[in-house]
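Worksheet: one structure, shown below.
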Amino acid sequence: MSMFSRFDKDLKCADGCLHKAADMFFHPIKEDIFHDWDTKHPAFPGPKLTKVRLECKEEKKEEVKVVVKEECKCIEKVVVKECGECCCCCNCAPPPPPPPPPPPSSVRIYPCFMVIDKYDVVESEWAPTLKDYLADKVWQLHAYLPDVAKDKIIVDIIENTTLVIRGEGVFHTHCGMWPEHVEHCCDCTRKEPTPFCRKFTLPANCKIKEARVEFEKEVLVVRIHRG
């Protein structure tokens, strides 16, 4: 028989003392000296339970921050903000801006301004009347081109040192010199379109970007200011 089959009844007979109830169960014969053994057991709390508050003490672990130094690669560390702007998340100084490209050394200034490649200049045997003038602040070239269309003339500057005028002029077989800055008019019986090419060495300190070319009344004028 189990001890707990009549536990309530035995506990009541033992006046609620668990120790006495155990003695009566293990020694059921009354003649047994241990059946009702007065051991002066301490009072048993009975069915009341003592509440024990258990506190869980968690150990606080200190966070250890490990800083790893890496080489800055700004190209890979570009962050886009909410405002849409981009920024570099590193604290390094921004790279210096690239140097500006060098100014072109060879350009065409007539009939339009454009960058050209350097080429070898071969002067022709014949050329129309060309005169250059040098002053303190300007260099000029006058070309007298009677019966020449404006789109037949080209003016280039090679390596900022040489001015080249070339194109297709008109060769007057029976004309001599005529006054400068005067519109040419003659009764030549033979006028032959003839290609020509002439070059002039530019003086020092010429401002190539400020070069101006005018072609009016059969006279082409090139003006380049000097610094």
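Quantities reported herein were computed from a predicted structural model and do not represent experimental measurements.
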Does R226 reach the main-chain N or O of A204 with its side chain, forming a donor-acceptor pair under 3.5 Å? yes
Do V221 and Y133 land in one hydrophobic cluster if side-chain heavy atoms of ILVMFWY residues count as linked below 4.5 Å? yes
Would you kindly confirm whether F113 and I165 end up in one hydrophobic cluster when ILVMFWY residues are joined by side chain heavy atoms under 4.5 Å apart? yes
Is there a path from V121 to W126 through hydrophobic residues (I, L, V, M, F, W, Y) whose side chains come within less than 4.5 Å of each other? no
Can you check whether P128 reaches Y144 side chain to side chain, under 4.5 Å on heavy atoms? no
Quick check: do L145 and F215 have side-chain heavy atoms less than 4.5 Å from each other? yes
So among R108, K118, K199, which one has a side chain to side chain donor-acceptor pair (under 3.5 Å) with D156? R108
Heavy-atom nearest pair, E159 first then S106, reads N-OG, 3.2 Å
Minimum heavy-atom distance between V148 and K152, given as atom pair plus value: CG1-CB, 4.4 Å
Shortest non-hydrogen separation from P193 to E168 and the atoms involved: CB-OE2, 3.7 Å
Output yes when a side-chain donor or acceptor of R223 lies under 3.5 Å from a complementary backbone atom of E210, and no otherwise. no
Group every Ile, Leu, Val, Met, Phe, Trp and Tyr by side-chain heavy-atom contacts under 4.5 Å, then state whether V107 and Y119 land in the same group. no
Testing the basics here: between C197 and V164, what is the closest heavy-atom pair and its distance to 0.1 Å? SG-CG1, 3.9 Å
Could you tell me whether D117 atom CG has more than 12 heavy atoms of other residues or ligands within 6.0 Å of it? no
Search all heavy atoms of A211 against all heavy atoms of I224 and return the closest pair with its distance. CB-CG1, 3.8 Å
Nearest heavy-atom neighbours spanning R212 and K209: NH1-O, 3.8 Å
Does I154 belong to the same Ile/Leu/Val/Met/Phe/Trp/Tyr cluster as L130, with side-chain heavy atoms less than 4.5 Å apart forming each link? no
Under 4.5 Å between any side-chain heavy atoms of I208 and L202, yes or no? yes
Any non-hydrogen side-chain atom of V222 less than 4.5 Å from a side-chain atom of I109? yes
Are any non-hydrogen side-chain atoms of I116 and I158 less than 4.5 angstrom apart? yes
